[in-house]
Structure formats: structure tokens, C-alpha cells
Amino acid sequence: MKLYNTKSRSKEEFIPLNEGKLKLYACGPTVYNYFHIGNARAFIFFDVVRRYFEYLGYEVTYVQNITDIDDKIIEQAIAEEQPFHKIAAKYANAFLEDCHALGIKKPHHQPKATDTMPQIIELIKTLVDKGNAYEVEGDVYFDTASLPEYGSLSGKQIEDQITGARVAENLSKKHPADFTLWKKSKPGEPWWESPWGNGRPGWHTECVVMSQHYLGDSFDIHGGGIDLVFPHHENENAQAIALTGKPLARYWMHNGFLNIDGEKMSKSLKNFFTARDILQEYDADAIRHFFLSKHYRSPIDFTRELIEESHKAMQNFYKAIDAFDPKLLEDIAGKEATMDQAELDFQDAMNDDFNTAKAIAILFDLAHKSKKAPDQIERGRAAATLLRLGKTLGFFQNMQSRSAREMPDLSKSLIELILGYRSDARQNKNWVLSDKIRDDLLAIGIEIKDSPAGTNWNLRK
RNA sequence: GGCGACAUAGCCAAGUGGUAAGGCAGAGGUCUGCAAAAUCUCCAUCCCCGGUUCAAAUCCGGGUGUCGCCUCCA
């Protein structure tokens, strides 16, 4: 298993801290709005990381934070004229719903920042005591100069970035790179009591506390979007090193950005889509296929055409699997003693820093084989393998609901009845009527396929 | 100013030294009352220039172009 580690900027062999176990932390949302399609990429990708390690037999502990206190939440609370905690709760629930709709498996722990306030304050206190942080009139800053390793994750030289960078002037900081650990509350803002007066945590602190609480001082993989490398993860790591002398995580994985029609997504460009919006139009499999068809570290361009292509591509998988009885496939999958070559190839692809694009190509080979192999056993095996491997990418979670054979019996009987009438019409060469029946059924989502052996039908989309 | 990524067929996209996976679209054949579906077949020499090598999309140097981070951001 090779992973690209942002810290070393190279692929490294993955060696877990404890054999057979994976401790994984990926940054979750700040709940001030519905999350957007770019966030979805990160959530889906780390869901695949988790699923694949589980497939490999690892005992995975996956933790994802929900940051529910922050400047943006306060702004949104003012905009919606609601208390901040109601806004946070609203969007935290929406986050959980949308993740579920995207087929993202629930992390083992999803702690909230406001539930860990005592630990956050404790962490800041320790940093102050150790001389890595200082207070200025109710604000507490991390002293970046106190830590020689500062900048080692993102590869930044502190001095370099000051010239020409858009660093806001803040005269109370000792150094422009110093960041806020605790922020004094202004009148009307939410606050918690602390040794430095009433205030709230700065960004970066909550992730350190929550990740270490569930995973230990230093864990295996820390993930998030590429934009989090600096400052967020650099600052998290700085706190961890100052606290324990050890880096927060051994491997840092970052997914690339999503652009809309070649441009960065932003509200001002009016090319901002929430995952919720996109889920209205496309199914989760299509969205997932779209993301996984490109390597996770590359930037990806979002267009509707591409999602539609992905949807069509996924249809091939469904057709391949639908050709077999689900119970038969489960039987085959359960009895499988030896892995076939396709599965080994799939693992090779995934073991090479999650080459999901290549892995998907192998699924297509399996779909092909499920139709073309010389004997029925071979074909069934290919379909069963396709189903099983596809699931490690999070595909096929909605199979049942869209499969014709899962419909209530009455609906099925009615369709068979109608098809019987159409068959009569065709016998009488009443093409006008038979075509009308076909078109009308299609209009309500039932697609007909005539074949010499009879008429088949299935649900479309 | 500092740091980084990318450039492969109409579109998307794998491929890090041995003569280009896969998907979508397209073309043609079979099948069909028609259509859809199914099925078979076809469709690139890898941004430019130079270098290393028996051999490069793949390594090195130089261009050109696109994008991102350094401020909240997945």
C-alpha cells in the first residue's frame, strides 16, 4: 500500500502504527451552510479510504469533526436571525442527511467542537504553560517562533510568505504567522468562560483535541482538502508537536480541488452548487463515479455533462449485475475461495495511492466478462466480483430500490398485464397502439426491450 | 514575491523507460415491423524545442499554456 504523503511530497509505503489497524481522521465541515459539491469530493474520497481499508481487513477507526462554533456560523446566525446554536444544529443535521444521501458511511465518531470545550481550554492552557502560546488582552496566540518545525508540513518558510502575502495587519501578534487559539468575544457573541476571560476557540484547536481524544497523540492518516494544508493542518500539527513532541499524524492526505467549468467555485461567480442541489438531479452513484473517475489529488472540473456521462457509465454496471439473481451472486461471492486476476489488479490499482480511475476500468472489464465469459459460472463470478469490488468504492448502495425485481408485486403484475395487451396489439400488427403503450410506459420511467424471446422491461434512471 | 500542480483522441481519464487501459460521444455490421436494448468491429503516438538512452508519453534542460495555495475555504 503506497500513499502520497503531503509532508514528504512523495509516495510512501503505508505502515500502520498498530498492525491491522487504521486510525483515520478527516476534517469535517464547519456547519454554517449546506455543504457544496467540492466538499462532497473530500467526504466521498475519505469514505472510500475507509471502505477500502476495511475491505483489506483493517480494523478502522474513522473520526470526523463537526465544527459548530466559528466566525462564519456567527455571521450566518445574524443573517438568519437565529441563535448560533440553532444555525449550527440545522446545518449539522443537513450535513448528516446529505452524507447519507451520498452513500457515505457514518464515521465511528463525529464529535462537535462545542462538546469538547473543557478539553480545548485545557489544551490552550498547556500551550501557554509550555511557552508556545501567549495571551494579549483576552486573545491567545500560538507563538510560531517557538517551534522550529513550524512550516514543515506545508513546506513554507515563514519569512518568505510575508513579503507580498495578503497577511492582515494585527499589531498585537508577535509575528504575523502567529494564529489565534482563543478569541475574546465581542458583545452579543457566544462565549465560554476561560482563564483569559470569555471567548471562543480559534480555528485549528478543535481538530487537535478531538482527533487526539479518539485516536491518540499521533495517529495514522489525517486527511482533508488541499486548501487545508496551510494554514489549518500546519497549525494543527504545530500544536501537536508543541504538546507531545510528536507530529499529529504520520501520513497526510489531501484531495485536489473541484472547479466549475474551469473556474474556482465561488459565490460571487454564481457557480456555487450545494451537494443537496446536485442530489436533486443526479443519483449518488453518478456523483461518486464522477469523482472517482479521476485521481483524487488532481483538480477536477465539474460539469453536468460529465455527471451525465458518469450516470451512463454506471448503467453498464447495473445491467451487468441485474442480469443475475441477487441471491445467486451472494452465494458465489460468499463461496469465493480464490481471487481472480481482476481482483488482484483492482487491489494493485487501489494500493497505488488510491488509483480509483484504474480501479474503475477493472470494474468495466468485469462487467464485460460477466456477459462474455464462455460459461455461466464464470459469468456469475465476474458479476459477483464486480458487485463486491464496486461496493468498496461505495457503489451499488441503491441497487434494491431501483431494481425492477424489488418492486411491490402488484406493480409488477400490472406491468405484466399491460405488456400482455401490447403483445396482443403487436400480434394484430396494431403498431400505433403498441408504440403508444411503449412510449407511455417510458414516460413514467419503465423501459421496454423487445427480443425474440419476449418482452423485457426495467426501471429507467 | 514565495510555494505547488497540471498539459494524453471530439469530451473525461489511466499509464513514471520498452513502442498508448477504460468510460462517454461517434461510425459501421448483426438483430428488429420500427425503435430501444443487446452484440461485434473501428476510432490517438501523448503541448513545443533540445538532451540522455539500444529504447521516452514516461528521465533531464528550456519554452508555452492552464490552474491552485500563501486570507475564510474540501
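So you know, we letter chains A, B, ... as the sequences are listed, proteins then strands, and number each from 1.
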Subject >> Test: A/Asp47 and A/Lys105 ion pair at under 4.0 Å >> reply: no

**OP:** Using both distances under 3.5 Å as the test, list the Watson-Crick or G-U wobble partner of B/rG68, or none.
**Re:** B/rC3

**OP:** For the pair A/Arg41 (side chain) and A/Phe257 (backbone), establish whether a donor and an acceptor sit closer than 3.5 Å, ignoring hydrogens and angles.
**Re:** yes

**OP:** Pick the C1' atom in B/rG17 and in B/rA56, then give their distance to the nearest Å.
**Re:** 6 Å

Original post:
Rounded to the Å, how far apart are A/Arg9 CZ and B/rU16 P?
Top reply: 22 Å

Subject >> pi-stack flag for A/Phe257 and B/rG68, centroid dist under 5.5 Å, interplanar under 30° >> reply: no

Original post:
Say you pick atom C1' in B/rC46 and the same atom in B/rC59; how far apart are they, in whole Å?
Top reply: 16 Å

Subject >> Whole-Å distance separating the CD1 atom of A/Ile221 from the P atom of B/rA74 >> reply: 20 Å

Original post:
Hey, are A/Asn351 and A/Tyr52 close enough side-chain-wise for a donor-acceptor pair under 3.5 Å?
Top reply: yes

Subject >> Integer angstrom distance from the P of B/rU71 to that of B/rG18 >> reply: 42 Å

Subject >> Spacing of A/Asp178 atom CG relative to B/rU71 atom C1', expressed in whole Å >> reply: 16 Å

**OP:** Rounded off to whole Å, could you give me the CZ-to-P distance for the A/Arg297 and B/rA14 pair?
**Re:** 11 Å

**OP:** Please say whether more than 12 non-hydrogen atoms of neighbouring residues, nucleotides or ligands are located less than 6.0 Å from CD1 in A/Ile377.
**Re:** no

Subject >> RNA chain B-proximal residues of residues 424-440 of chain A, any heavy atom under 4.0 Å >> reply: A/Arg426, A/Trp431, A/Ser434, A/Asp435, A/Arg438

Original post:
NA contact type, A/His295, heavy-atom cut-off 4.0 Å: base, sugar-phosphate, or nothing?
Top reply: sugar-phosphate

Subject >> Span that lies between the C1' atom of B/rA25 and that of B/rC60, in whole angstrom >> reply: 38 Å

Subject >> Distance in angstrom units between A/Asp353 CG and B/rA14 C1', rounded >> reply: 14 Å

Original post:
Reading nucleotides 21-27 of chain B from the 5' end, what letters show protein touch, with B for base, S for backbone sugar-phosphate only, - for no heavy atom under 4.0 Å?
Top reply: BSBBS--

Original post:
What residues form a side-chain hydrogen bond (donor to acceptor under 3.5 Å, both in side chains) with A/Asp71, not counting sequence neighbours?
Top reply: A/Lys183, A/Arg200

**OP:** If B/rA21 has a Watson-Crick or G-U wobble mate with both distances under 3.5 Å, name it; if not, just say none.
**Re:** none

**OP:** May I ask you to evaluate whether A/Lys294 reaches the phosphate of B/rC12, defined as a side-chain N or O under 4.0 Å from OP1 or OP2?
**Re:** no

**OP:** Could you work out which one of B/rA74, B/rA5, B/rC70 sits closest to the side chain of A/His36?
**Re:** B/rA74

**OP:** Using a 4.0 Å heavy-atom cut-off across all strands, classify A/Gly224 as base, sugar-phosphate, or nothing.
**Re:** sugar-phosphate

**OP:** Both distances under 3.5 Å, Watson-Crick or G-U wobble: report the partner of B/rA27, or none.
**Re:** B/rU41

Subject >> Interatomic distance where NZ belongs to A/Lys319 and P belongs to B/rA38 [whole Å] >> reply: 4 Å

**OP:** Flag this pair as yes if the NZ/CZ of A/Arg297 is under 6.0 angstrom from the six-membered ring centre of A/Tyr4 and inside a 45 degree cone about the axis; otherwise no.
**Re:** yes

Original post:
A/Asp70 and A/Thr30: side-chain donor and acceptor closer than 3.5 Å?
Top reply: no

Original post:
Any idea which of B/rA37, B/rC40, B/rC69 is nearest the A/Lys372 side chain?
Top reply: B/rC40

**OP:** Answer yes or no on whether A/Lys391 is positioned over the face of A/Phe396, meaning its NZ or CZ is under 6.0 Å from the six-membered ring centre and within 45° of the axis.
**Re:** no

Original post:
How far does the P atom of B/rG4 sit from the matching atom of B/rA20, given to the nearest Å?
Top reply: 34 Å

**OP:** Using both distances under 3.5 Å as the test, list the Watson-Crick or G-U wobble partner of B/rA9, or none.
**Re:** none

Original post:
Can you tell me how far P in B/rG63 sits from the matching atom in B/rG26, rounded to whole Å?
Top reply: 43 Å

**OP:** Hey, could you give me the CD/NZ distance between A/Glu13 and A/Lys2, rounded to the nearest 0.5 Å?
**Re:** 5.0 Å

**OP:** Kindly say if A/Lys371 contacts the phosphate of B/rU39, meaning a side-chain N or O under 4.0 Å from OP1 or OP2.
**Re:** yes

**OP:** Let me know, please, whether A/Pro29 or A/His368 comes out on the 5' side of the other along RNA chain B by nearest nucleotide.
**Re:** A/His368

Original post:
A/Leu258 CG to B/rC12 P: how many Å, rounded?
Top reply: 14 Å

**OP:** State, without any angle test, whether A/Thr274 and A/His36 hold a side-chain donor-acceptor pair at a distance under 3.5 Å.
**Re:** no

Original post:
Which nucleotide, in any strand shown, forms a Watson-Crick or G-U wobble pair with B/rU53, with both distances under 3.5 Å?
Top reply: none

Original post:
How far apart are the C-alpha atoms of A/Leu24 and A/Tyr62, what are their side-chain angles, what is the distance that settles it, and do they pass the side-chain contact (heavy atoms from CB on, under 4.5 Å) test?
Top reply: CA-CA 5 Å; A/Leu24 171 67; A/Tyr62 179 28; 3.6 Å; yes

Subject >> Interatomic distance at C1', B/rA57 relative to B/rA9, whole Å >> reply: 14 Å

Original post:
Between B/rA74, B/rA14, B/rC67, which nucleotide gets closest to the side-chain atoms of A/Asn259?
Top reply: B/rC67

**OP:** Determine which nucleotide pairs with B/rU16, using a 3.5 Å limit on both distances of a Watson-Crick or G-U wobble pair.
**Re:** none

Original post:
Quantified in whole Å, what is the C1' atom distance between nucleotide B/rC43 and nucleotide B/rC54?
Top reply: 32 Å

**OP:** Identify the nucleotide, in any strand shown, that forms a Watson-Crick or G-U wobble pair with B/rU32, with both distances under 3.5 Å; if there is none, say none.
**Re:** none

Original post:
Separation of A/Lys72 atom NZ from B/rC72 atom P, in whole Å?
Top reply: 9 Å

**OP:** Answer yes or no: is there a donor N or O on one side and an acceptor on the other, between the side chain of A/Gln110 and the main chain of A/Lys106, under 3.5 Å?
**Re:** no

Original post:
In the strands shown, is B/rU58 matched to any nucleotide by a Watson-Crick or G-U wobble pair with both distances under 3.5 Å, and which?
Top reply: none

